[in-house]
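First comes the structure, then the notes that go with it.
Below, chains carry the letters A, B, ... as their sequence lines are ordered, and counting in each starts from 1. Side chains included, hydrogens not; waters and symmetry mates left out as well; all remaining heavy atoms used.
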2 protein chains.
Amino acid sequence: MSRKRDDDSNTNCAVEASLGVIGGRWKGVVLYWLLKGTHRFGELRKRLPNCSQRMLTLQLRELEEDGLVKRTVYAQVPPRVEYELTAFGRSLEPVLIGLRDWGEKYKRRLQRTG
Amino acid sequence: MSRKRDDDSNTNCAVEASLGVIGGRWKGVVLYWLLKGTHRFGELRKRLPNCSQRMLTLQLRELEEDGLVKRTVYAQVPPRVEYELTAFGRSLEPVLIGLRDWGEKYKRRLQRTG
DNA sequence: CGGGATCCTTAACGATACTG
DNA sequence: CAGTATCGTTAAGGATCCCG
């Protein structure tokens with residue numbers, strides 16, 4: 001995964017930079033769930049039934065690389081891996097809440113408009 | 001353009017719905033410029049030098065379809081087409097500002113971290 | 001000027017199988 | 001359990017040409 005969109009360095013606009021980081025297909029939802037607390041990999045999978053295991057792994061790796069998510073591996077069998085937001089990741093909270101609230105409006109609008 | 005991501009109806013999370021609408025490659029930036037006022041097609045092109053004409057057209061069509069942008073064609077030669085936010089589109093302003101501000105933080109962080 | 005139509009390349013994504 | 005590897009498909013996007 002080359003992340004063409006993210007590593008595009010000429011993001012003249014900061015909005016573009018943000019969306020490059022959180023705009024991935026599942027990243028917003030993952031971050032939103034992590035806002036509620038630490039999750040194991042399998043727990044996240046249940047939260048995102050439409051996201052394949054492969055994609056979830058990839059998205060988590062990118063979020064980790066961007067410093068939003070911390071990954072902790074417990075050396076035990078069977079393996080246990082936990083994901084949580086970093087402080088920088090938590091700084092996204094107001095934005096995520098804003099996205100969620102606007103999303104609600106949009107969905108209500110869709111129902112009216114058809 | 002089938003907009004696989006957008007018309008996916010099982011968006012259980014509202015964050016996902018929002019990102020489906022504004023998460024397109026250039027949509028955030030387009031919306032951000034339109035916040036500043038009405039723009040002609042050619043003006044938007046100058047604002048987004050890395051976006052091809054084809055892509056700009058497609059993204060604008062989708063934003064129009066989602067009710068965020070209004071397109072006005074003036075019957076004259078050469079043609080003049082103007083784009084502006086609808087009231088619903090303007091309701092995204094706080095979210096866009098939030099994305100911009102967080103994007104600034106992210107870019108500053110990138111410079112420190114390398 | 002503001003597109004649309006077409007063709008082609010590349011990136012994104014899914015399915016499946018395998019593993020410590 | 002939490003992945004990785006591989007393969008195949010689909011969607012996104014670029015280049016070019018044409019048009020009123």
Side-chain angles (χ1 to χ4, degrees), chain A residues 1-11 16 19-30 33-34 38-65 69-84, chain B residues 1-11 16 19-30 33-34 38-65 69-84:
Chain A
M1 190 85 23
S2 55
R3 297 221 281 152
K4 180 193 180 190
R5 174 170 176 168
D6 300 25
D7 54 13
D8 184 82
S9 37
N10 42 10
T11 53
E16 211 180 328
L19 288 176
V21 176
I22 71 166
R25 181 70 183 86
W26 305 102
K27 290 184 184 176
V29 207
V30 168
W33 281 111
L34 291 183
T38 302
H39 282 72
R40 296 185 57 169
F41 183 81
E43 290 170 343
L44 286 174
R45 285 223 62 191
K46 284 172 200 158
R47 305 295 195 189
L48 291 86
N50 296 114
C51 177
S52 69
Q53 180 172 12
R54 176 184 127 89
M55 280 312 297
L56 182 55
T57 300
L58 288 173
Q59 303 272 288
L60 283 167
R61 289 289 179 283
E62 294 186 3
L63 290 171
E64 194 187 356
E65 195 179 341
V69 164
K70 180 173 167 225
R71 176 171 179 262
T72 309
V73 183
Y74 295 90
Q76 58 189 47
V77 179
R80 174 189 185 85
V81 181
E82 287 188 348
Y83 293 91
E84 62 186 316
Chain B
M1 189 85 26
S2 56
R3 298 221 282 153
K4 179 192 181 191
R5 175 170 173 166
D6 298 25
D7 55 10
D8 185 84
S9 38
N10 42 12
T11 53
E16 211 179 328
L19 288 175
V21 176
I22 71 167
R25 181 70 185 84
W26 304 103
K27 290 183 183 176
V29 208
V30 168
W33 281 111
L34 291 182
T38 302
H39 282 73
R40 294 185 60 171
F41 184 80
E43 290 171 341
L44 286 175
R45 284 222 63 189
K46 285 172 199 157
R47 305 295 194 187
L48 292 85
N50 296 115
C51 177
S52 69
Q53 180 172 7
R54 175 183 128 90
M55 280 312 297
L56 182 54
T57 301
L58 288 173
Q59 303 272 289
L60 283 167
R61 289 288 179 282
E62 295 188 0
L63 289 171
E64 193 188 355
E65 196 179 341
V69 164
K70 181 176 166 220
R71 177 171 179 261
T72 310
V73 183
Y74 296 90
Q76 58 188 49
V77 179
R80 173 188 186 86
V81 180
E82 288 188 348
Y83 293 91
E84 62 185 317

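In this structure, NZ on A:Lys27 lies 4.0 Å from CD on A:Glu62, to the nearest 0.5 angstrom.
With sequence neighbours left out, A:Arg61 forms a side chain to side chain donor-acceptor pair (under 3.5 Å) with A:Tyr83. By the side chain to side chain donor-acceptor pair (under 3.5 Å) test, B:Glu64 pairs with no residue at all, sequence neighbours left out. Residues forming a salt bridge (Lys or Arg N to Asp or Glu O under 4.0 Å) with A:Glu84 (at least two apart in sequence, or on another chain): A:Lys70. Remark: A:Glu43 pairs with no residue by the salt bridge (Lys or Arg N to Asp or Glu O under 4.0 Å) rule, at least two apart or across chains. Partners of B:Arg71 by salt bridge (Lys or Arg N to Asp or Glu O under 4.0 Å), not counting sequence neighbours: none found. Every residue two or more places apart in sequence or in another chain that forms a side chain to side chain contact (heavy atoms under 4.5 Å, CB included) with B:Arg80 is listed here: B:Arg40, B:Tyr74, B:Gln76, B:Glu82.
Under the 4.5 Å side-chain criterion, counting only non-hydrogen atoms from C-beta, B:Arg45 is in contact with B:Leu56.
Here the P atom of nucleotide D:dA12 and the CZ atom of A:Arg25 are 10 Å apart, to the nearest Å. In this structure, A:Glu62 places its CD atom 14 Å from P of C:dA11, rounding to the nearest Å. Here C:dA15 presents its P atom at 10 Å from CG of A:Asn50, a figure rounded to the nearest Å. To the nearest angstrom, C1' of C:dG2 lies 17 Å from CE of B:Met55. Whole-Å rounding puts the B:His39 NE2 to C:dG2 P distance at 12 Å. Atom CG in A:Leu56 sits about 14 Å away from atom P in C:dA15, given to the nearest Å. As rounded to whole Å, 11 Å separates atom P of C:dG3 from atom CZ of B:Arg45.
In this structure, the helix from C:dC1-D:dG20 to C:dG20-D:dC1 shows an angle of 50° between the axis at its start and the axis at its end, each fitted on 5 base pairs and rounded to 10°.
Set against D:dG13, C:dC13, C:dC1, the side chain of B:Gln59 has D:dG13 as its closest nucleotide.
The side chain of B:Ser52 contributes an N or O atom lying less than 4.0 Å from OP1 or OP2 of D:dG14.
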Checklist entry - When you check every protein heavy atom under 4.0 Å of nucleotides 2-8 of chain D, what one-letter string (B, S, -) results, 5' to 3'? => result BBS-B--
Next on the checklist: Could you walk me through whether A:Leu34 and A:Leu44 satisfy the side chain to side chain contact (heavy atoms under 4.5 Å, CB included) test, starting with their C-alpha distance in whole Å, then the side-chain angles of each, then the deciding distance to 0.1 Å, before giving a yes or no?
Outcome noted: CA-CA 9 Å; A:Leu34 291 183; A:Leu44 286 174; 4.2 Å; yes
